[in-house]
Amino acid sequence: TRLFAAVRVGERLAGLEMPITSTLIVGGALASRDFTPVHHDRAAAQAQGMSDVFMNILTTNGLVGRYVTDWAGPDAILCEVAIKLGAPNLPGDTMKFSGTVSSRDESTATVTVEIVGRNSWGDHVTGSVRLDLPRGA
């Protein structure tokens, strides 16, 4: 677990490469109860002008949370996630996460991490995550 006292503004999180598969896209849509056909039916996605099914925002949100909590550890608490979608995530691509600590709040022991998830089309997701970390020594 990351301790608040050890985190510095400007600290970079290790990158994470996430292979985008049909299973990930369909599973994420179904797990989040998003039954919109473009997230699980290739023909429906193609009828909307896409080459294949594409990831929904709830799956992206979960992957952002995973990326930041993998860095912060199991005792971190996600306080706020603010993301914006850009390029779609399609099967066969890879999303590459990067992140940087942008602020610390001594009074609440929270940090804000700016994140980007890029694929071959560009930025799939950009945003920030505010986390509550244990104070430590």
Give me each pair satisfying ring-ring contact (aromatic ring centres under 6.0 Å, His included) with a member in residues 83-117, each pair once, sequence neighbours excluded.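 For residues 83-117, and leaving out neighbouring residues, the ring-ring contact (aromatic ring centres under 6.0 Å, His included) pairs sorted by first residue read Tyr67-Phe97.
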Looking at [X] and [Y], what are the two nearest heavy atoms and their distance?
X: Met95; Y: Val125; result: SD-CG1, 4.2 Å
X: Ile20; Y: Leu90; result: CG2-O, 3.2 Å
X: Met50; Y: Pro88; result: CE-CG, 3.4 Å
X: Pro74; Y: Thr1; result: CD-OG1, 3.4 Å
X: Pro134; Y: Asp75; result: CG-CB, 3.8 Å
X: His124; Y: Ala87; result: ND1-O, 2.6 Å

Please answer whether the main-chain N or O of [Y] pairs with a side-chain N or O of [X] as donor and acceptor at a distance below 3.5 Å.
X: Asp93; Y: Ser120; result: yes
X: Asn61; Y: Val64; result: no
X: Asp123; Y: Thr126; result: no
X: His39; Y: Ala29; result: no
X: Arg104; Y: Phe4; result: yes

Report yes or no: do [X] and [Y] belong to one cluster of Ile/Leu/Val/Met/Phe/Trp/Tyr joined by side chain heavy-atom distances under 4.5 Å?
X: Phe54; Y: Leu58; answer: no
X: Met18; Y: Ile57; answer: yes
X: Val68; Y: Val101; answer: yes
X: Trp121; Y: Val53; answer: no
X: Ile77; Y: Val129; answer: no

- Query: Would you say the side chain of Cys79 lies within less than 4.5 Å of the side chain of Leu131, judging by non-hydrogen atoms?
  - Reply: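 The answer is no; the side chains never approach within 4.5 Å.
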Pro91 versus Ile25: any side-chain heavy-atom pair under 4.5 Å?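 Side chain of Pro91 against side chain of Ile25, heavy atoms only: contact under 4.5 Å found.
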Side chains of Ser102 and Thr112: do they bring a donor and an acceptor to under 3.5 Å?
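No, no side-chain donor-acceptor contact under 3.5 Å.
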Donor-acceptor contacts under 3.5 Å from residues 5-17 side chains, at least two apart:
from, atom 1, to, atom 2, distance (Å)
Arg8, NH1, Ala5, O, 3.0
Arg8, NH2, Ala5, O, 3.1
Glu11, OE1, Arg2, NH2, 3.0
Glu11, OE1, Arg8, N, 3.3
Glu11, OE2, Arg2, NH1, 3.4
Glu11, OE2, Arg2, NH2, 2.6
Glu11, OE2, Trp71, NE1, 3.4
Arg12, NH1, Thr100, OG1, 3.3

In short, salt bridge (charged side-chain N to carboxylate O under 4.0 Å, His left out) pairs touching residues 48-72 with sequence neighbours left out are Arg42-Asp52, Arg66-Asp70
| Using the benzene-type ring in the case of Trp, are the ring centres of His40 and Phe35 under 6.0 Å apart? |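 Between His40 and Phe35, the centre distance exceeds or equals 6.0 Å.
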Between Thr23 and Thr21, is the side chain to side chain donor-acceptor pair (under 3.5 Å) condition met? List the steps. CA-CA 5 Å; Thr23 301; Thr21 64; 4.6 Å; no
* To do: Output, in order, the C-alpha distance, side-chain angles, deciding distance and verdict of side-chain contact (heavy atoms from CB on, under 4.5 Å) for Asp132 and Thr108.
  => CA-CA 7 Å; Asp132 182 12; Thr108 60; over 6 Å; no
- How far apart are the C-alpha atoms of Asn56 and Ser32, what are their side-chain angles, what is the distance that settles it, and do they pass the side chain to side chain donor-acceptor pair (under 3.5 Å) test? CA-CA 9 Å; Asn56 72 350; Ser32 61; 3.1 Å; yes
Roughly how far, to the nearest 0.5 Å, is the CG atom of Asn89 from the OG1 atom of Thr59?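 Answer rounded to 0.5 Å: 9.5 Å.
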